[in-house]
Amino acid sequence: MTKLKPTYLAFDSSTRHVRLDPHEAAFFQNPYAAYAFMHGASNVFFWEEFGFWCFGGFDDVSRLLRDRRFGRQNPAGIPDRSVGQDRSHLGSFDGIEANSMLELEPPVHTRLRTLVNRAFVSRQVERLRPRVEALANELIDRFETGQVDLLPAFASPLPITIIAEMLGVPVEMGPQLLDWSHRMVAMYMHGRTRQTEETANRAAHDFSDFLRGHVAERRKKPGDDLLSLLISAQDDGQRLSEDELVSSAILLLNAGHEATVHQTGNAVRAILAQGGDPRRFFTSPQTTTATVEECLRFDAPLHMFTRYAYEEIEVGPGIIVRPGETIGLLLGMANHDPAAFAEPLAFRPDRADQKNVSFGAGIHFCIGAPLARLELQVSLKTLFDRLPRLHLAEQPRFRDTYHFHGLERLVVHSGQ
C-alpha cells in the first residue's frame with residue numbers, strides 16, 4: 001500500500017526520478033515519511049539533488065554493501081568531494097583520505113584493516129566496560145539540577161574520552177579533537193561550499209600535525225595504547241607508514257565518536273517517546289542488547305553510504321551504472337523497509353525480525369561496531385538507571401546535516 005506522498009517530494013513513476021531537497025526541514029526532521037512513501041512507490045530511484053541512483057530496500061542495501069563490483073575507492077583515483085574542479089586547496093584533506101581505510105579497497109584496505117582491527121575485536125573492547133560505566137556515572141554526577149543538554153554533557157564527552165584514552169592522546173584535547181572532526185566531517189554532507197572545504201582542509205592539516213607529534217613521541221617511548229600498537233603492528237612484516245598511521249588515527253577518532261554521539265541522542269529521544277519507566281528496556285543484559293539494536297534500527301545516525309561502480313552493472317530493471325558512477329545506499333530507509341520489518345515505524349526491542357544495516361556490511365562493515373554497541377549499552381542503561389524520571393524539557397530538533405541524522409540539542413529535565 002502506497003503511503004501519502006509528502007508535499008515536498010516529487011516522484012515521476014515513469015522514470016523513477018525523485019526531486020527532494022535534503023535541506024527541506026520537513027524532510028530532515030522526519031525522513032521516515034518520505035521513506036515510507038518511496039517504499040510503496042519504488043525502493044530504487046534516481047535522486048536528482050544528488051545525481052545518482054539510490055536504493056532503500058533492506059535486501060538491496062544488504063546485497064550492494066557486499067557486492068565487490070562496487071567500492072569506496074574512486075576508480076579514477078581522485079576524490080570527487082570538491083565544489084569545483086580545482087582541488088589545490090584540499091591537499092591536506094586529500095592526503096588523509098588517500099590513506100584512509102574507509103576510502104580504500106583490497107589489497108591495501110585488507111592490510112590496514114587487519115592491523116587496526118586487533119584493538120577492536122569484541123574481547124578487547126569488552127575490557128573497557130568498567131571504564132565506560134565509571135565515565136558515564138562521572139558525567140551524570142556533573143549534571144546541573146534541573147535542565148541539562150545531554151549532547152554536550154553526556155553523549156559527546158563519553159565516546160571522545162574513550163577513543164582518546166584508547167589512542168593515548170590527551171583527553172583534555174577532547175574539545176579540539178571534536179572541532180577538527182566536525183569540520184572534516186562536513187565534507188560528506190550535501191551542499192558544501194568552498195568555505196566548508198577550506199575549513200576542512202585547515203582542520204585536516206592541524207589534526208595531522210598534532211598526531212604526527214604524538215606518533216614521534218610514541219616511537220621514542222611506547223605506551224600501552226592504540227597508537228603504540230599501530231606503530232609496532234605488522235602484517236607479514238609490513239608496518240603502517242606514517243601517513244597510514246595518521247590517517248588511521250584520524251579515522252578512528254572521527255568515526256569513534258561522531259556516529260555514537262548522534263545515536264545516543266536519537267536513542268534517548270526514542271526511548272523517552274515511549275513513555276513509562278525507561279528502566280524496563282534495561283532489565284537484563286539481553287534486554288539492554290535488544291534495546292540498543294532497536295535504537296540502531298529505529299533512528300540510525302547515518303542515512304546514506306555511497307559506493308562507486310567498478311564495471312558496467314545492471315543494478316535493476318533498466319538501470320545501468322557505468323564505471324566511476326556513484327550509487328547511494330539509504331541505510332535509514334532500509335531499516336524501515338516494511339518488506340523486512342513488521343510495523344517498521346514502531347519501537348519494539350523484542351521484535352522477532354531484529355536486524356539493521358546501520359553499521360554497513362561487507363568489507364567496510366564499521367570496525368568500531370563492538371565499541372559503539374558497548375558504549376550505547378552501558379551509557380543508556382546507566383543514564384536511565386540513575387535518572388528514571390528523565391523527561392524532555394523541549395521538543396528536540398534534528399540538524400540540517402543529511403546524510404547524517406542527529407539532533408541539534410537534547411535538553412532534558414533530570415527529574416532529580
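Bear in mind the structure is a predicted one, so any value in this text is a computation, not a measurement.
Listed for the Arg307 side chain is a donor-acceptor partner under 3.5 Å among the backbone atoms of Asp67. A donor-acceptor distance shorter than 3.5 angstrom exists from the side chain of Arg113 to the backbone of Ile363, with no hydrogens or angles considered. Between the Gln274 side chain and the Ala270 main chain, a donor and an acceptor come within less than 3.5 Å of each other. Glu244 places a side-chain N or O within 3.5 Å of a backbone atom of Ser241 that can act as its donor or acceptor partner. Although no hydrogens or angles enter the test, the distance criterion places a donor-acceptor pair under 3.5 Å between the side chain of Arg351 and the main chain of Glu343. Using a distance-only test at 3.5 Å, with no hydrogens or angles considered, a donor-acceptor pair links the side chain of Asn266 to the main chain of Asp299. No donor-acceptor distance shorter than 3.5 angstrom exists from the side chain of Lys381 to the backbone of Asp385, with no hydrogens or angles considered.
Contact annotation: the side chain of Leu65 never approaches that of His364 to less than 4.5 Å [non-hydrogen atoms, C-beta and beyond]. Annotation: side chain of Cys295 is in contact with side chain of Gln263 (closest heavy-atom distance under 4.5 Å).
Ion pairing between Arg297 and Asp337 fails under the 4.0 Å rule for side-chain N and carboxylate O.
Between Phe93 and Trp180, the distance from one ring center to the other does not fall under 6.0 angstrom. Ring to ring, His39 and Tyr35 are not that close: their centroids are 6.0 angstrom or more apart. Ring centers of Phe45 and Phe55: at least 6.0 Å apart, outside the cut-off.
The aromatic rings of His262 and Phe404 lie tilted to each other, with the angle between the two planes from 30° to 60°.
For Arg19, the CZ atom counts as loosely surrounded, since its 6.0 Å shell holds 12 or fewer non-hydrogen atoms of other residues, nucleotides or ligands. The 12-atom threshold is not exceeded at CG of Asp224, counting heavy atoms of other residues, nucleotides or ligands nearer than 6.0 Å. By the neighbour-count criterion of 12 heavy atoms within 6.0 Å, atom CD of Glu314 is densely surrounded, having more than that number from other residues, nucleotides or ligands. No more than 12 heavy atoms of other residues, nucleotides or ligands sit less than 6.0 Å from atom NE2 of His205.
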I'd like a table of donor-acceptor pairs (distance under 3.5 Å, sequence neighbours excluded) in which one partner is a side-chain atom from residues 149-169, with atom names and distances.
unit_1, atom_1, unit_2, atom_2, d
Asp149, OD1, Leu151, N, 3.1
Asp149, OD1, Leu410, N, 3.0
Thr161, OG1, Pro157, O, 2.6
Glu165, OE1, Arg131, NE, 3.0
Glu165, OE2, Arg131, NE, 3.4
Glu165, OE2, Arg131, NH2, 2.8

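Remark: His257 engages no residue in a ring-ring contact (aromatic ring centres under 6.0 Å, His included) (not counting sequence neighbours). With sequence neighbours excluded, the residues satisfying ring-ring contact (aromatic ring centres under 6.0 Å, His included) with Phe398 are His405.
Between His17 and Glu48, the side chains place a donor N or O and an acceptor N or O closer than 3.5 Å (distance only, hydrogens not considered).
Under a cutoff of 6.0 Å and an axis angle of 45°, Arg68 and Tyr310 do not form a cation-pi pair.
The residue from Phe341, Phe347, Phe58, Tyr32 that alone fulfils the ring-ring contact (aromatic ring centres under 6.0 Å, His included) condition with His336 is Tyr32.
Here the CG-OG distance, from Asn335 to Ser358, works out to 4.0 Å after rounding to the nearest 0.5 Å.
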